[in-house]
Amino acid sequence: MMQRDRPKNIRQAMPAMQRILQRFWPQIRQQRPLLMIAGIGLVTEVFARLLAPWPLKLIFDYILLPEAHSAELDWPILRSLSPQWLLIVLSIAIVATAALRAISAYISLVGLSLAASRIITKVRAQLYAHLQRLSLSFHYQAKSGDLLTRITSDIDRLRDVTVNETLPLLINTLTLFCMVGIMFRLDWELALIAMAVLPLFIFSSVRLTYRIRKVARQQRRRESAMAATAAEAIGAIKVVQALSLEGRLERIFSSDNQQSLEDSARTQQLSAGLQRTVEILVAIATAMVLWRGVILVQRGNATPGDLLVFITYLKSAFKPTRQLAKHMAKISKATASGERIVDLLEIVPAVRNKPHAIAAPPFQGNIQFRNVHFAYEPDSGTLTLENISFEAIAGQRIALVGPSGGGKSTLVSLLLRLYDPLAGKILIDGQDIRDYQLNSLRQQISIVLQDSILFGATISENIAYGICHSHRDASGIRPRKLNKELKKELKREPKKELESVSHSEIEQAARLANAHEFIMALPQGYDTLMSERGSTLSGGQRQRIAIARAAIRKAPIVILDEPTVGLDNKSERSVNDALDKLTQNSTTFLITHDLRACRDFDQILYIENGQVLERGTHTQLMHLGKHYAALYQLQSAIARPHPACECQQHQS
């Protein structure tokens, strides 16, 4: 699903970097001033490299071996200086050239590092926001470990390679072209001899670099698989230990780990092979140039200083070729990481705002389902919901009952637009919900789930999340932790951290949820920091905080999905009392298997196999005497104590 067809040859692989640059161009363009400064530093550093051997040439030609100097290449200004002064001037020139190179290298490195960090930070924020907007159908199929790898290590690899590999490669490549040009200027014959090995170098580099990139891509997939396995095992550690799955999962992880190691070793092997090949080619070129250059010096067609500059340039020009294998191996890995990020960013959410979607006005709570059809896998031909039609008047309480897997949770998921129906419409106050912006729709619906999730924040923050508004337009949520402008605002006014929610509002919601007393009994009260998923609280306490989070939103529509399952009698009474207060004057949908909980509801929909088989009040459905009545009588019989048990209890 998340892997696109990969290039099979080098000509197909070349556009990969261009694709990444095009995708990140908006972020790159914002850093043009820094990139221009880094570019100026880069050009200056190359210029300093070109100047580096010339003071040595002049020392050889004008001080050490003045008799070998050609009159045609004489510089009168240098002849006018005494050898002592000329040596001082050239020594200063060596230091000045080194200083110029060091300063320009610092400027280019710092400029590119800062620009790359800013670009990657924006890309990571965009990727995180995009992940939050992707539909549930995507998240149910994707592996969380793989997604975490993309948003962490893949992003980090892009930043590190940009600074530590791409910058040196750019400098060395530009130096190579400039030095080759000067070499042809000095002596075209020697330059041609030096360039004779270039075709062999290009062939070796292209062939091995493609193989390195292919292996690097395989290794990234292995690492993602390991991360996914680890995340699944840690997230379900209770089930893993209960079913004794440790050994099996260890074998799966070890297999991926071993294959990742083999891929890494293969990458290093290919990289080392390319480096050794380049070293041999450079040695051959140097030997050939020295042989011909010495002959030219002996004939008086060149000076020893000329040969020194030429050999220095030759070695400097081919220095990047010796390091090219290392650079290209890491750049290939970064390209594979970049492609994985771009692949993810190019996934279009199945549920998204229409081009002309509007912000939803305050809802009254009138809801209509008109001939709604839905399937999780449309191509399978199996419908999860089929021809669902009903109407809920504002303020009514509707119970959804029936066997598990009948489509009850799917129905309310459609109301939240976690999915869109294949056919039919869902209307709120007479308007198709697809005409509303997603955020404005969902912010007017409160939900309490069977296993409510609490975040690793304080209790106050967990409750305040109920009315956490987006700091972006309706096209998507921008995560608070990645919003620099909001961070600055919070530093100036810390009390805005809870999105302008007052403590009295939080406490009022907690009291409504019957949570205030146990919250105050905690060590830091409302400032108590929750562990992951709120595991330090009991199930009933977590549910009451979730109810407080739903209550503070004051939404006209409330969804309750098995909110009391698994609670003891005392906790269930407290939660039910809180739910009664939460749902007053709201259109309420309750998903439940306990038919006693919905006897007083305005409507009861019995859903089985994706269809509404019965609808009406409790009394009407009992008189009907079909599915609902049979299930209610069965539950009542199970709940009714056996006469023998009553007798034993009486005697005791």
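Quick note: residue numbers are just sequence positions, from 1. Predicted model only: the values in this text are computed from it and were never measured.
Using a distance-only test at 3.5 Å, with no hydrogens or angles considered, no donor-acceptor pair links the side chain of Arg553 to the main chain of Gln444. Side chain of Ser460 to main chain of Tyr526: a donor-acceptor pair is present (N/O by atom type, distance under 3.5 Å, no hydrogens or angles). Judged purely by atom type and a 3.5 angstrom limit, Ser440 has no side-chain atom pairing as donor or acceptor with the backbone of Ala359.
Scanning all heavy atoms of the two residues, the minimum distance from Ala457 to Asn462 falls at O-ND2, 3.4 Å. The shortest heavy-atom contact between Thr458 and Asp527 is CG2-O, 3.6 Å. What you find for Tyr436 and Pro361 is that their closest heavy atoms are CE2-CD, 3.7 Å. Shortest non-hydrogen contact noted between Ile463 and Ala510 is CD1-CB, 4.3 Å. When all heavy atoms of Ala38 and Ser108 are compared, the closest pair comes out as O-CB, 3.4 Å. Across all their heavy atoms, Arg150 and Ile341 have their closest contact at O-CG1, 4.0 Å.
At a threshold of 4.5 Å between non-hydrogen side-chain atoms, the residues Ile519 and Thr528 do not count as touching. Side-chain contact between Gln543 and Val448: present, with at least one pair of heavy atoms (C-beta onward) separated by less than 4.5 Å. At least one side-chain heavy atom of Thr44 sits under 4.5 Å from a side-chain heavy atom of Leu100. Using a 4.5 Å cut-off on side-chain heavy atoms (C-beta onward), Ile107 and Ile40 make no contact. Looking at heavy atoms from C-beta onward, Ile428 lies in side-chain contact with Ile557 at the 4.5 angstrom threshold. Two residues are said to be in side-chain contact when any heavy atoms from C-beta on lie closer than 4.5 Å; His130 and Leu134 meet this criterion. Side-chain contact between Val342 and Phe24 is present, with heavy atoms from C-beta onward closer than 4.5 Å. Side-chain contact between Arg434 and Asp432 is present, with heavy atoms from C-beta onward closer than 4.5 Å.
Taken to the nearest 0.5 Å, the CD1 atom of Ile506 stands 11.0 Å off from the CD1 atom of Ile459. Rounded to the nearest 0.5 Å, atoms CG (Leu174) and CE (Met179) are 10.0 Å apart. Taken to the nearest 0.5 Å, the CD1 atom of Ile552 stands 12.5 Å off from the OH atom of Tyr465. Taken from CZ in Arg417 to CZ in Arg352, the straight-line distance is 9.5 Å, to the nearest 0.5 Å. Rounded to the nearest 0.5 angstrom, Glu507 CD and Ser502 OG are separated by 10.0 Å. Taking CG from Asn353 and CD1 from Ile358, the interatomic distance works out to 11.5 Å, rounded to the nearest 0.5 Å.
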Can you check side-chain contact (heavy atoms from CB on, under 4.5 Å) on Leu114 and Arg118, steps first, answer last?
CA-CA 6 Å; Leu114 188 55; Arg118 291 180 178 179; 3.8 Å; yes
side-chain contact (heavy atoms from CB on, under 4.5 Å) evaluation trace for Lys122 with Gln126
CA-CA 6 Å; Lys122 290 181 180 294; Gln126 180 186 4; over 6 Å; no
Does Ile119 form a side-chain contact (heavy atoms from CB on, under 4.5 Å) with Gln30? I'd like the steps, not just the answer.
CA-CA 8 Å; Ile119 292 169; Gln30 294 176 2; over 6 Å; no
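Ring geometry for Tyr376 versus Tyr419: interplanar angle over 60°, hence perpendicular rather than tilted (30 to 60°).
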